[in-house]
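Notes for the one structure printed next.
These numbers come from the heavy atoms of this one structure, side chains and all, not from hydrogens, waters or symmetry mates. Here is the naming used below: chain letters follow the sequence lines, and residue numbers restart at 1 for every chain.
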Number of protein chains: 2
Amino acid sequence: MVNDPFKALSHPIRRGIVERLAEGPATVGEATGGFGVSKPAISKHLKVLEDTGVVKRVVEGRTHRLSLEPEVLSVAADWMDRQRALWGRLFDVVDEYLKEGESQ
Amino acid sequence: MVNDPFKALSHPIRRGIVERLAEGPATVGEATGGFGVSKPAISKHLKVLEDTGVVKRVVEGRTHRLSLEPEVLSVAADWMDRQRALWGRLFDVVDEYLKEGESQ
DNA sequence: GCTACTGTTCACCAAGTGGTTAACGATCCG
DNA sequence: CGGATCGTTAACCACTTGGTGAACAGTAGC
């Protein structure tokens, strides 16, 4: 199990899959066409996304319908937001720091 | 070289370092104390963050002053924002989809 | 029933990751 | 100078990751 949204997003192919699914549900073929890797590779990436809870899968006949599970991605997004709130302060701190450097 | 902010953030220790640095610059010891791993392990994590451009290092005597480089993290944050904008639509799409399912 | 299609699982492999201990380099301080 | 401190580098190891081809399972359609 991975259970870490950042780890799930740490591979460009998986981010690509998320990007496509962000536009709406899709089958495996639709969501992963054109990445230029074999089907087993895709299958593994999907498993990571599914284990992490980023993607949900519903089997429909011989195709699988994939959809995003936005709540899990929100954990990562919220972390980014919290850090970004601090970056705002950081700009000030670094500004201050650089000014101190100049005046010495 | 890593050159991928998501990959840089894909390890909890590196996120911890970023969290501490988001509150302001710090030395290696200050920024990485209490992670419970050896110094070489820390050194490697720092190298990843530095290679990616997330963290900047200035040598000051025998200590190293670390600070965040927010622009690079913004690349990741912006990606999250773009996806999140789509998730908004996604909620609607999924809603629609579920309703269709009910009515069949 | 047979064939085509969608997708997974299996077995394998090369490369990368994350950790260790030991040794080192450089700086500060008595 | 000599010792303590901050941090890196080197060499090594176990495990994970990301990929492959081959085979399989299930469904759809002729």
Side-chain angles (χ1 to χ4, degrees), chain A residues 1-21 24-69 76 101 104, chain B residues 1-21 24-69 76 101 104:
Chain A
M1 259 271 285
V2 173
N3 199 23
D4 180 343
F6 277 103
K7 200 146 192 183
L9 295 176
S10 72
H11 193 286
I13 287 185
R14 290 198 290 269
R15 286 201 295 280
I17 293 173
V18 168
E19 281 174 5
R20 295 214 190 170
L21 289 180
T27 66
V28 173
E30 291 163 359
T32 68
F35 285 121
V37 293
S38 64
K39 289 193 293 180
I42 290 294
S43 203
K44 286 187 191 177
H45 285 305
L46 282 178
K47 187 166 167 37
V48 171
L49 290 169
E50 203 184 358
D51 283 350
T52 319
V54 170
V55 161
K56 201 176 68 177
R57 178 198 313 252
V58 178
V59 178
E60 290 183 343
R62 68 180 165 183
T63 70
H64 298 193
R65 178 150 299 261
L66 307 172
S67 55
L68 278 190
E69 208 77 290
Q104 277 168 11
Chain B
M1 261 271 284
V2 173
N3 199 21
D4 180 342
F6 276 104
K7 201 147 190 182
L9 295 177
S10 72
H11 193 286
I13 287 186
R14 290 198 290 268
R15 286 201 294 280
I17 294 172
V18 168
E19 281 174 6
R20 295 211 190 172
L21 289 180
T27 67
V28 173
E30 291 163 359
T32 67
F35 286 122
V37 293
S38 64
K39 289 195 293 179
I42 290 293
S43 203
K44 287 186 190 180
H45 285 305
L46 283 177
K47 187 165 169 36
V48 171
L49 290 170
E50 203 183 357
D51 283 350
T52 319
V54 169
V55 161
K56 202 177 68 178
R57 178 199 314 251
V58 177
V59 178
E60 290 183 345
R62 67 178 165 184
T63 69
H64 298 193
R65 178 151 300 262
L66 308 172
S67 55
L68 278 191
E69 208 77 289
Q104 278 167 11

Calculate the interatomic distance between A:His64 atom NE2 and C:dC5 atom C1'; express it in whole Å.
12 Å
Would you mind listing every salt bridge (charged side-chain N to carboxylate O under 4.0 Å, His left out) that reaches into residues 24-44 of chain B, with sequence neighbours excluded?
none
Holding to side-chain hydrogen bond (donor to acceptor under 3.5 Å, both in side chains), I want the full list of residues that pass it with B:Arg57, two or more places apart in sequence or in another chain.
B:Glu50, B:His64
Measure the CZ-CD1 distance between B:Arg20 and B:Ile17 for me, rounded to the nearest 0.5 Å.
8.5 Å
Length of the line joining A:Leu9:CG and D:dG18:P, which is rounded to integer Å:
12 Å
Residue set satisfying side-chain hydrogen bond (donor to acceptor under 3.5 Å, both in side chains) with B:His11, at least two apart, ordered chain then number -> none
From the list C:dT20, C:dT8, C:dG7, which nucleotide is the closest neighbour of the side chain of B:Lys44?
C:dT20
Name every residue in residues 32-42 of chain B that has at least one heavy atom under 4.0 Å from any atom of DNA chain D, in order of residue number, or write none if there are no such residues.
B:Lys39, B:Pro40
Strictly under 3.5 Å: I want the nitrogen or oxygen pairs between protein and nucleotides 24-30 of chain C, one per line.
unit_1: C:dT27; atom_1: O2; unit_2: B:Arg62; atom_2: NH1; d: 3.2

Quick one: CD on B:Glu19 to CG on B:Leu68, what's the gap to the nearest 0.5 Å?
10.5 Å
Separation of A:Arg57 atom CZ from C:dG7 atom P, in whole Å?
9 Å
Considering all heavy atoms, the nearest B:Leu9-B:Arg15 contact:
O-NH1, 2.5 Å
Starting the side chain at C-beta, find the nucleotide from C:dA11, C:dT8, D:dT8 nearest to B:Val28.
D:dT8
Give a yes/no on whether any side-chain N or O of B:His45 is located under 4.0 angstrom from OP1 or OP2 of C:dG19.
yes
What is the separation between atom CZ on B:Arg15 and atom C1' on C:dG18, rounded to the nearest whole Å?
15 Å
So which heavy atom on A:Ala8 is nearest to which on A:Thr52, and how close?
CB-OG1, 3.7 Å
Return the nearest nucleotide to the side chain of B:Lys7; candidates are D:dT17, C:dG7, C:dT17.
C:dT17
For the pair made of CZ in B:Arg65 and P in D:dG7, what is the distance, rounded to whole Å?
10 Å
Using side-chain hydrogen bond (donor to acceptor under 3.5 Å, both in side chains) as the criterion, list what pairs up with B:Lys47, not counting sequence neighbours.
B:Asp51
